[in-house]
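Notes follow the structure.
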Amino acid sequence: MPQATIRLTMAQALVRYLCNQFTEIDGERVPLFAGVFGIFGHGNVTCLAEALETVQDQLPTWRGQNEQSMALAAIGYAKAKRRRQLMIATSSIGPGALNMVTAAGTAHANRLPILILAGDTFTNRLPDPVLQQVEHFGNPTVTVNDAFKAVSRYWDRITHPAQIISSMPQAIATMLDPADCGPAFVALPQDTQELAFDYPREFFEERVWSIPRPRPDRDRLAEAAAMLKTAKKPLIISGGGVRYSGAEEAVAKFAVARGIPVVETIAGKGGLTHYHPAHAGPIGIIGSTSANALAQEADVILAVGTRLQDFTTGSWTAFSREAKFISLNAARWDATKHRALAVVGDALESVTELDALLGDWAMPKAYMEHAQKLFKEWDALLDEHQAPTNAPVPTYAQVVNLVNRAAGENDNLVAAAGGIPGEVAKGWRVKNPNTFDLEFGFSCMGYELAAGWGNAMANAGKSTPYVMLGDGTYMMMNSDVYSSVLTGHKMIVVVCDNGGFAVINRLQEFKGTPGFNNLLKDCRIQNPDNPPHVDFAKHAESMGAHGRHCESLADLEAALEWAKGTDRTTVLSIVTDAFAWVPGDADWDVGVPEISERETVKAARAHQEEIRSKQRVGV
């Protein structure tokens, strides 16, 4: 008997297949792909868009204003859903596709899923060179979409309509794999999108996907339990993998039962509430004095779901050379770093099984009390920096404190690059788990507003995202203020106006170079004494949002209360001090000139060499 088939174009078949993929979240069956962010051009409007238009009740398409920002919105959505439900981003060929490379890099660095569908040039090459085609004289198979190979976990180009039958399940499996999770990129040549093919009916059968939970190797787990029992001052580092695994409660119970303090990475922050009894603060360069002090003392570090980025490890100066690492991670690549005892497996499964092997072992009560004392001192230091003063210009810390107090228990904080990350990582007191999104794996300027839009979609009717960013980032990418108004997804945005790229200016001056090309007053401009000022509130109003400029902390406090009752996205701006920051006590390895005429640079170079002398190398 011949196989039953359905004749469709490749684009139509792709869309039908995507509509038939499902997942379960908290026991509820939901579409795996919640929607599409799209900007159409000649590379995707006549075929892919034709197919998408017919399924708006199943797979809604949301129009972006910029390809990069709409893809970042998809990433923010996936992060809010803790990688359990995904979005698609589609663009035309050429510049539209290349605009999404930065977003793909953000997803790749942060291990976050997004399906990117970009138009491509003709496979038959008959009309070559087509509009927006970049020709490689020695290799005509190369198109701009090859640029995505460096920033994708899965990459494919569909040159025959049958190829999606094998390609799409692999793309989805990659995005849902906790070890390989990241962006999947699929290039769709124009002439392949239009071709009809007899697809087997089975290809379109509904499928419910689940995220696998690989269990750890028993022998490695036994070694981990034995090593942990030798510890005199153990420490748990909780990373983003804890949150994506849904292991927050398990880690918290493990920590309390075993008497081990928990410090959090940037991606892991928000797994525990600020005042959880085992919580000892954020660790690393933009971390707390409490967490960093415990890291220096620790003899056995249990790293759960973290890739141990340099901001977590202080460029590997935060720990003693004698300290031993146990790394529980779904990804072998991360688990085996720095000669750690690698326990490869899901965070929830690994922590649960490790707990069962420890029997009645626990640290003396005094050790957790020591960690709690350090954390209490850190919390008091935060209070000092966040307290209102009579200074004419408020600090970031003071602004963060007001926004933190205004946000509801379930409201999300969304932030990314610039000076905001250090201030919110240190100073944002998490009220409920998983209400904190700080993108700092890629430190992508422009993530904030886009991800805020995606976060608002993901939490529609449940909570409101509070987006915090600096004036430099706002100027770089702000069109999703309009997107959120257009689609009715409210966010409350706070713009800290410090006159330019203030935090990188801070690093520049700290490493010995006078302020140059970062703060507006230090740029090559017509009037250095009076740079043109942007009224961010009015700019937001011009895009349909509500806006208000605040002259003081009292103004901001009142404006935040007002913003809660507005009917759409609301942007608040306030001038902040470009030179006042909550101090850090961890080191960072950056390049400083080996030779310079400046005495300040020579001193910075000597300090950098001192930092490098403290690094753990090969251990």
Side-chain angles (χ1 to χ4, degrees), residues 18-36 57-60 62 73-88 107 110-115 172-179 181 206-215 238-254 264 267-273 276 304-305 330 345-353 355 407-414 430-437 451-466 489-491:
L18 295 173
C19 287
N20 285 317
Q21 309 309 303
F22 295 88
T23 188
E24 285 191 359
I25 299 180
D26 300 329
E28 181 185 357
R29 184 173 183 266
V30 297
L32 177 62
F33 296 99
V36 180
D57 57 334
Q58 297 171 269
L59 187 65
W62 305 94
I75 295 167
Y77 184 98
K79 194 170 186 181
K81 291 292 188 179
R82 288 192 281 168
R83 306 197 306 200
R84 295 179 294 175
Q85 195 174 26
L86 320 180
M87 294 289 281
I88 302 163
N110 288 282
R111 320 291 169 86
L112 291 167
I114 175 178
L115 176 59
I172 294 173
T174 299
M175 291 186 289
L176 295 182
D177 190 316
C181 184
E206 292 185 357
R207 177 171 180 179
V208 179
W209 294 79
S210 61
I211 297 174
R213 288 190 179 277
R215 295 178 62 186
S238 180
V242 171
R243 295 174 63 184
Y244 298 135
S245 171
E248 307 94 314
E249 187 176 346
V251 169
K253 287 182 177 179
F254 178 90
E264 293 179 320
K269 182 178 171 74
L272 300 181
T273 57
H276 186 279
V304 187
D346 172 72
L348 178 59
E349 296 291 336
S350 299
V351 169
T352 301
E353 294 191 28
D355 188 52
E409 287 190 351
N410 295 316
D411 290 335
N412 287 256
L413 183 280
V414 180
V430 173
K431 301 170 185 176
N432 260 349
N434 297 302
T435 57
F436 186 87
D437 175 3
W453 181 30
N455 188 289
M457 280 189 181
N459 292 300
K462 300 176 184 177
S463 62
T464 301
Y466 282 74
H489 295 97
K490 179 182 174 179
M491 50 186 175

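The residues of the chain are indexed from 1 along the displayed sequence. The analysis underlying the following values was restricted to heavy atoms, covering all of them including side chains, and did not include hydrogens, waters or symmetry mates.
Looking at T273 and H276, their side chains come closer than 4.5 Å, going by heavy atoms from C-beta outward. You'll find the side chain of I114 reaches within 4.5 Å of the side chain of I75, heavy atoms only. Under the 4.5 Å side-chain criterion, counting only non-hydrogen atoms from C-beta, S463 is in contact with D411. Looking only at side-chain heavy atoms (C-beta outward), P178 and R83 come within less than 4.5 Å of each other. With contacts defined as side-chain heavy-atom distances shorter than 4.5 Å, the pair F436/E264 does not qualify. Under the 4.5 Å side-chain criterion, counting only non-hydrogen atoms from C-beta, L32 is in contact with I172. Under the 4.5 Å side-chain criterion, counting only non-hydrogen atoms from C-beta, V36 is in contact with L59. Put simply, the side chain of V430 does not reach to within 4.5 Å of the side chain of L272, judged on heavy atoms.
When all heavy atoms of N434 and R243 are compared, the closest pair comes out as OD1-NE, 2.9 Å. Smallest separation of non-hydrogen atoms from V242 and A347: CA-CB, 4.4 Å. When all heavy atoms of G35 and M87 are compared, the pair lying nearest together is N-SD, 3.3 Å.
Every residue two or more places apart in sequence or in another chain was checked for a side chain to side chain donor-acceptor pair (under 3.5 Å) with Y466, and none qualifies. Residues satisfying the side chain to side chain donor-acceptor pair (under 3.5 Å) test with S245, not counting sequence neighbours, are R213, D346. Qualifying salt bridge (charged side-chain N to carboxylate O under 4.0 Å, His left out) partners for R111, counting only residues two or more places apart in sequence or in other chains: D334. Evaluation of the side chain to side chain donor-acceptor pair (under 3.5 Å) rule for R82 yields E248 as partners, not counting sequence neighbours. With sequence neighbours left out, the side chain to side chain donor-acceptor pair (under 3.5 Å) criterion links N455 to N459. For A78, the side chain to side chain contact (heavy atoms under 4.5 Å, CB included) test picks out P113, with sequence neighbours left out. With sequence neighbours left out, the salt bridge (charged side-chain N to carboxylate O under 4.0 Å, His left out) criterion links R215 to E353. A search for salt bridge (charged side-chain N to carboxylate O under 4.0 Å, His left out) contacts involving E28 returns nothing, not counting sequence neighbours.
Listed for the K462 side chain is no donor-acceptor partner under 3.5 Å among the backbone atoms of N410. In terms of modelled atom types and a separation under 3.5 Å, the side chain of R84 and the main chain of Y244 share no donor-acceptor contact.
Rounded to the nearest 0.5 angstrom, D355 CG and K253 NZ are separated by 10.5 Å. Taken to the nearest 0.5 Å, the CD atom of Q85 stands 11.0 Å off from the CG atom of L176. To the nearest 0.5 Å, the span separating NE2 on H489 from OH on Y77 amounts to 9.0 Å.
Taking a 6.0 Å sphere around CD of Q58, one finds it holds more than 12 heavy atoms contributed by other residues, nucleotides or ligands.
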Which donor-acceptor pairs under 3.5 Å do the side chains of residues 18-27 make with protein atoms, sequence neighbours left out?
{"from": "N20", "atom 1": "ND2", "to": "R16", "atom 2": "O", "distance (Å)": "3.1"}
{"from": "N20", "atom 1": "ND2", "to": "F204", "atom 2": "O", "distance (Å)": "2.9"}
{"from": "Q21", "atom 1": "OE1", "to": "W209", "atom 2": "NE1", "distance (Å)": "2.7"}
{"from": "Q21", "atom 1": "NE2", "to": "Y17", "atom 2": "O", "distance (Å)": "2.8"}
{"from": "T23", "atom 1": "OG1", "to": "W209", "atom 2": "O", "distance (Å)": "3.1"}

